[in-house]
Amino acid sequence: MGRPTLIRKPPGAPRALPEGWDEARAALAGLPGGGLNIAHEAVDRHAAGACASHVALRWLPAAGGRRDLTYAELARLTNRFAHLLRGLGVAKGDVVFVLCGRIPELYAAVLGALKCGATVSPLFSAFGPEPLKTRINLGRGKVLVTTGALYERKVKRVLGDMPTLQHVVNVEELGLDSLPDSFPIEQTSAEDAAFLHFTSGTTGMPKGAVHVHGALVAHYATAAAALDLRPDDIFWCTADPGWVTGTSYGIVAPLAHGVTSIVDEAEFDAERWYRILQDERVSVWYTAPTAIRMLMKAGVGLAKKFSFPGLRFIASVGEPLNPEAVWWGMEAFGQPIHDNWWQTETGGIMIANTAAMDVKPGSMGKPLPGVQAALVHRVETGISLVEAPGEEGELALRAGWPSMFRGYLGQEERYRKCFAGDWYLTGDLAKRDADGYYWFVGRADDVIKSAGHLIGPFEVESALMEHPAVAEAGVIGKPDPMVGEVVKAFVSLKKDFSPSDDLRMQLLAHARKRLGAAVAPKEIEFAAVLPRTRSGKIMRRLLKARELGLPEGDTSTLEGGA
């Protein structure tokens with residue numbers, strides 16, 4: 001509390017950001033004979049050049065040790081995998097699902113499938129049998145790549161319920177050594193499908209967002225602009241490839257830039273993470289607000305036991321980053337954590353706090369070069385633009401950026417409803433200040449309407465997190481016959497605090513002081529943990545469904561599996 005509203009960056013020559021997308025296109029090689037293929041740009045062009053002996057992936061097994069894969073080795077491994085898939089009849093346009101933990105074979109399978117011209121859908125290894133079956137059937141999957149343990153626990157029991165699935169490949173029984181080291185990559189164009197990413201529906205089936213090989217242009221450009229990625233970096237994206245961030249910025253973007261990526265097999269452990277940052281000399285770190293809050297919960301003292309001499313840039317995505325977390329970055333690492341915003345549908349980062357920008361804690365930053373953003377109101381005739389600084393509106397993006405999704409699989413009408421003319425309507429409400437910074441308010445269906453006030457849950461959650469006892473907060477609107485909805489907060493506490501009526505009253509008073517009586521929560525309930533997706537989003541709709549005894553809808557991406 002009482003902190004400045006701006007973190008100024010030290011003076012110096014800021015790195016020039018690429019203007020639009022043409023510069024990124026020019027940096028890519030393209031397929032021999034024309035066309036574009038993500039695997040060629042991410043692996044083969046480096047393996048054939050100066051980066052052949054440069055480490056592409058540094059795998060850290062959960063049991064300890066490490067395994068380095070150079071770009072030349074990764075090219076051979078992905079080529080062998082492509083031969084394996086081709087031998088199973090995988091052709092251009094077929095869909096290959098990958099269900100693995102964070103192991104080298106996952107990356108080989110994804111990239112090898114792209115070399116075949118297949119569409120790839122990475123899945124969370126924590127998914128239960130039913131979510132797996134649902135996605136594979138929606139995507140009409142032909143091949144599933146997995147491990148023996150995951151097959152026995154999750155795949156085997158629903159195998160007979162997936163009629164399009166022809167082959168299940170166990171990566172522990174591949175026998176790739178006998179396959180050729182070279183593979184003629186399928187001629188794919190920028191508009192050919194490359195990835196199928198599923199995003200949870202609120203009540204019904206998950207939506208399958210289709211992305212194309214041309215999305216690489218945005219991955220490449222935004223990794224430079226938003227993450228400040230440079231060729232000599234040691235980069236660590238902590239996201240699982242089962243989430244779009246783990247694919248776009250855990251596989252594609254760093255490899256396209258020829259950098260070394262850290263791949264950690266283990267689940268979150270605060271001390272292990274600090275040791276990786278220190279010992280691997282990570283220079284650019286891309287993580288999620290959930291992980292940052294878990295590190296905060298462990299205390300800044302643990303961070304101070306380590307040193308991070310190589311770390312020069314930290315970024316976060318998954319849900320908005322509370323101001324308190326940005327300031328904690330200054331305490332723990334001596335630098336702010338840079339929030340950015342994008343969606344499964346956008347395929348890549350659209351709005352960000354870049355390395356050269358002053359940071360306003362709590363803001364998601366400004367649109368990147370090549371991205372045209374606006375705030376709009378939906379009206380009967382379409383949309384109207386919101387011009388006044390500070391006025392709330394729905395965040396919209398002018399269509400045409402390279403990583404824009406090309407459809408929801410089998411749901412054309414649902415896709416069309418996402419657009420008003422040439423504007424993509426994100427469903428996120430935001431504000432824009434006089435300096436052009438964007439501020440997240442909430443999902444349109446999360447905003448609380450109380451006695452004529454529109455209350456964004458993120459604002460209330462951030463205020464609660466300023467209290468020294470609070471680790472996380474999730475806020476919902478609870479129906480009320482007098483005012484429409486009242487604000488209810490669910491709060492998890494830091495390790496040195498315990499739930500009590502006295503603490504509840506302290507938190508209520510703190511929120512009223514910070515937010516005013518009209519916006520502050522009327523009820524606070526303590527919870528050991530809050531439901532969230534593996535991508536880090538607190539599932540407010542699930543909190544609300546449980547509070548009201550309503551159907552929980554699609555919970556397949558809930559952390560811990562379904």
Side-chain angles (χ1 to χ4, degrees), residues 59 61-63 81 84-85 88 90 94-110 112-113 118-175 195-201 204-209 238-247 250-251 263-268 344 409 529 531-537 539 542 552-562:
W59 181 52
F81 215 104
L84 173 75
L85 292 173
L88 297 176
V90 173
D94 287 336
V95 181
V96 173
F97 283 83
V98 182
L99 175 70
C100 294
R102 290 182 295 274
I103 57 177
E105 288 79 6
L106 182 155
Y107 299 79
V110 168
T119 303
V120 189
S121 186
L123 298 170
F124 283 122
S125 59
F127 275 158
E130 288 302 316
L132 296 178
K133 181 183 75 174
T134 297
R135 284 157 176 77
I136 290 171
N137 285 342
L138 285 172
R140 300 184 62 78
K142 185 172 186 175
V143 174
L144 172 64
V145 178
T146 189
T147 65
L150 289 172
Y151 174 78
E152 290 295 329
R153 291 204 324 265
K154 304 188 178 193
V155 180
K156 191 175 181 179
R157 69 178 74 172
V158 292
L159 191 59
D161 300 327
M162 298 181 286
T164 66
L165 194 63
Q166 297 179 15
H167 302 281
V168 177
V169 175
N170 181 348
V171 297
E172 294 149 346
E173 300 174 352
L174 287 182
F195 288 108
L196 177 62
H197 291 297
F198 286 93
T199 180
S200 289
M205 301 289 270
K207 300 170 289 185
T238 64
D240 191 291
W243 176 36
V244 65
T245 297
T247 301
I251 301 178
V263 177
D264 182 28
E265 182 185 24
E267 294 304 312
F268 174 86
T344 300
L409 191 68
V529 293
R532 57 181 177 244
T533 66
R534 286 174 61 89
S535 65
K537 294 183 177 70
M539 297 185 75
L542 195 54
E552 295 187 359
D554 177 21
T555 59
S556 56
T557 60
L558 185 66
E559 190 175 52

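No hydrogens, no waters, no symmetry mates; every other heavy atom, side chains included, goes into these values. Index from 1, following the sequence.
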Heavy-atom pair with the smallest gap, counting every atom of [X] and [Y]:
| X | Y | value |
| --- | --- | --- |
| Val145 | Ala109 | CG1-CB, 4.0 Å |
| Leu132 | Val155 | CD1-CG2, 4.4 Å |
| Arg157 | Pro129 | CD-CG, 3.4 Å |
| Gly112 | Phe81 | CA-CB, 4.5 Å |
| Ser125 | Leu150 | O-CD2, 3.7 Å |
| Gly139 | Leu409 | CA-CD2, 3.6 Å |

Side-chain donor-acceptor contacts of residues 158-167 below 3.5 Å, not counting sequence neighbours, with atom names and distances?
from	atom 1	to	atom 2	distance (Å)
Thr164	OG1	Gly141	N	3.3
Thr164	OG1	Gly141	O	2.8
His167	NE2	Leu88	O	3.3

Using the ring of Phe97 (Phe, Tyr or Trp, six-membered ring only), decide whether Arg135 places NZ or CZ under 6.0 Å from its centre and within 45 degrees of its axis.
no
Gap between atom [atom2] of [Y] and atom [atom1] of [X] - 0.5 Å precision:
| X | Y | atom1 | atom2 | value |
| --- | --- | --- | --- | --- |
| Leu123 | His197 | CG | NE2 | 11.0 Å |
| Phe127 | Thr134 | CZ | OG1 | 9.5 Å |
| Phe198 | Leu138 | CZ | CG | 5.5 Å |
| Thr119 | Asp94 | OG1 | CG | 8.5 Å |
| Glu152 | Thr146 | CD | OG1 | 10.5 Å |
| Glu105 | Leu174 | CD | CG | 7.0 Å |

Any side-chain heavy-atom pair from [X] and [Y] closer than 4.5 angstrom?
| X | Y | answer |
| --- | --- | --- |
| Tyr151 | Leu144 | no |
| Leu106 | Ile251 | yes |
| Thr238 | Asp264 | no |

Between Asp240 and Arg102 (salt bridge meaning N to carboxylate O under 4.0 Å), is one present in this structure?
yes
Taking Ala62's backbone N and O only, do any of them form a donor-acceptor pair with Glu265's side chain (distance below 3.5 Å, no angle check)?
yes
When you look at Arg140 and Val95, which way does the side chain to side chain contact (heavy atoms under 4.5 Å, CB included) test go after all the steps?
CA-CA 7 Å; Arg140 300 184 62 78; Val95 181; 5.8 Å; no
